[in-house]
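Computed from a prediction, not measured in an experiment: that's the story for all the values here.
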Amino acid sequence: MQESRPPEYDQVSIVFVGSFNPKIYQPAWFEAQGLIRPEEAADSKIEVISNDICIFETSWFRLEVFKERWALFSRATPAIELLRDLVLATFETLRHSPVTKIGINAHGHYSMPNRETLDKFGHAVAPKDGFWRPVMEDPRLLTLTIVSKRTDGHDGAVRAKVEPSGRITDGLFVEVNDEYANDDSVSAEWAIEIVSEEWENHRARVTSIRENIVTEAWGMR
């Protein structure tokens, strides 16, 4: 399923919660494992590498590692499958790393026909009459998050967030967070299985949620 109105800017991210050794995850380690090319390691932009934090960027991804959080973000046009493959290869090498939660996320910025359409959408999903207008002057939607139970047998939740875009004038930002949880996990084994086996379902879910939201928004023009 393809989105009828694809985002102007699109980004994906994969976040693991658990226990990590940030200093391991520097460009030289990824190069030594054959996970990125030597030129990518050499050209990477390192912000910080310490026992507590590791943050660096290449031309196509950004990595942020803290002791309890590991996050990989696409840059520019999302290299979706490449990002997934890098996560899988990284934790197949470091299977002993305890991972208890996974967040697979899609972040899209969409053009709207005009500001009036964006305002109509905001009023539709978060009505202002009868509750906000008596106590606030010209109330508008800043951010709205809806959470849903999982229906696939996994622990966790699905969240969809909408708010005005910070990148597109009078645009709409839609974020879909697919969360999986396993509080009893003592390794990355289950995380590898989730990312590998549930990836296509996740992408289909993202497309369905975003298509529904953006189509409804455009219908208000």
Side-chain angles (χ1 to χ4, degrees), residues 1 3-17 55 57 61-66 68-78 80 83 100-152 154-181 198 201-221:
M1 178 181 177
E3 294 181 65
S4 59
R5 299 183 185 277
E8 299 293 327
Y9 299 98
D10 203 2
Q11 184 185 42
V12 295
S13 65
I14 301 175
V15 179
F16 285 179
V17 174
I55 300 176
E57 291 184 353
F61 71 82
R62 175 181 176 86
L63 180 66
E64 299 179 358
V65 185
F66 301 85
E68 296 181 350
R69 184 176 182 271
W70 190 99
L72 189 69
F73 304 86
S74 66
R75 299 185 63 219
T77 302
I80 295 174
L83 204 77
T100 56
K101 285 186 180 179
I102 305 168
I104 310 178
N105 314 294
H107 321 266
H109 296 260
Y110 294 82
S111 293
M112 290 288 106
N114 47 49
R115 179 55 186 261
E116 182 182 7
T117 300
L118 183 64
D119 287 344
K120 284 182 178 178
F121 174 77
H123 294 324
V125 298
K128 314 302 186 302
D129 294 331
F131 188 78
W132 293 111
R133 291 194 191 281
V135 294
M136 299 191 75
E137 183 68 25
D138 191 22
R140 295 174 182 268
L141 174 67
L142 179 62
T143 184
L144 173 70
T145 301
I146 301 296
V147 63
S148 168
K149 295 188 298 184
R150 302 203 66 85
T151 59
D152 53 12
H154 296 294
D155 291 335
V158 178
R159 295 176 180 82
K161 179 170 74 174
V162 294
E163 61 188 35
S165 170
R167 299 193 64 170
I168 300 174
T169 301
D170 299 333
L172 180 67
F173 173 72
V174 181
E175 178 180 273
V176 178
N177 164 242
D178 219 342
E179 178 196 74
Y180 302 84
E198 295 294 330
N201 292 333
H202 158 74
R203 293 304 304 171
R205 189 176 299 112
V206 167
T207 299
S208 177
I209 292 172
R210 300 202 308 190
E211 176 74 10
N212 183 68
I213 292 171
V214 175
T215 298
E216 287 292 328
W218 269 80
M220 297 174 186
R221 66 188 187 279

Nearest atoms (heavy-atom pairs only) where [X] meets [Y]:
X	Y	result
Asn114	Asp170	C-CB, 4.2 Å
Asp10	Gly108	OD1-CA, 4.2 Å
Ser165	His109	OG-ND1, 2.8 Å

| field | side-chain hydrogen bond (donor to acceptor under 3.5 Å, both in side chains) partner of Tyr180, chosen from His202, His154, Arg150 | value |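 Of His202, His154, Arg150, side-chain hydrogen bond (donor to acceptor under 3.5 Å, both in side chains) with Tyr180 is met by Arg150 alone.
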Going by heavy atoms in the side chains, are [X] and [Y] under 4.5 Å from each other?
X	Y	result
Arg5	Thr215	no
Ile213	Val162	yes
Val206	Val12	no
Glu163	Glu175	no
Leu83	Phe73	no
His123	Leu141	no
Tyr110	Arg210	yes
Ile104	Arg205	no

| Would Arg69 and Glu64 satisfy side-chain contact (heavy atoms from CB on, under 4.5 Å), going step by step from the backbone distance to the final call? | CA-CA 8 Å; Arg69 184 176 182 271; Glu64 299 179 358; 4.0 Å; yes
Just how far is it from atom [atom1] of [X] to atom [atom2] of [Y], taken to the nearest 0.5 Å?
X	Y	atom1	atom2	value
Phe121	Arg221	CZ	CZ	14.5 Å
Ile14	Leu63	CD1	CG	11.5 Å
Leu172	Leu118	CG	CG	6.0 Å
Arg203	Ile80	CZ	CD1	3.5 Å
Thr117	Met112	OG1	CE	8.0 Å
Thr169	Arg167	OG1	CZ	12.0 Å

[X] side chain to [Y] main-chain N or O, any donor-acceptor pair under 3.5 Å?
X	Y	result
Gln11	Ser74	yes
Lys128	Gly122	yes
Ser208	Ala204	no
Glu179	Lys101	no
Thr100	Val17	yes

| request: Show your reasoning for whether side-chain contact (heavy atoms from CB on, under 4.5 Å) applies to Lys161 and Asn177. | output: CA-CA 8 Å; Lys161 179 170 74 174; Asn177 164 242; over 6 Å; no
| Taking atom CH2 of Trp218 as the centre, does the number of heavy atoms from other residues, nucleotides or ligands within less than 6.0 Å exceed 12? |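 Count over threshold, so yes.
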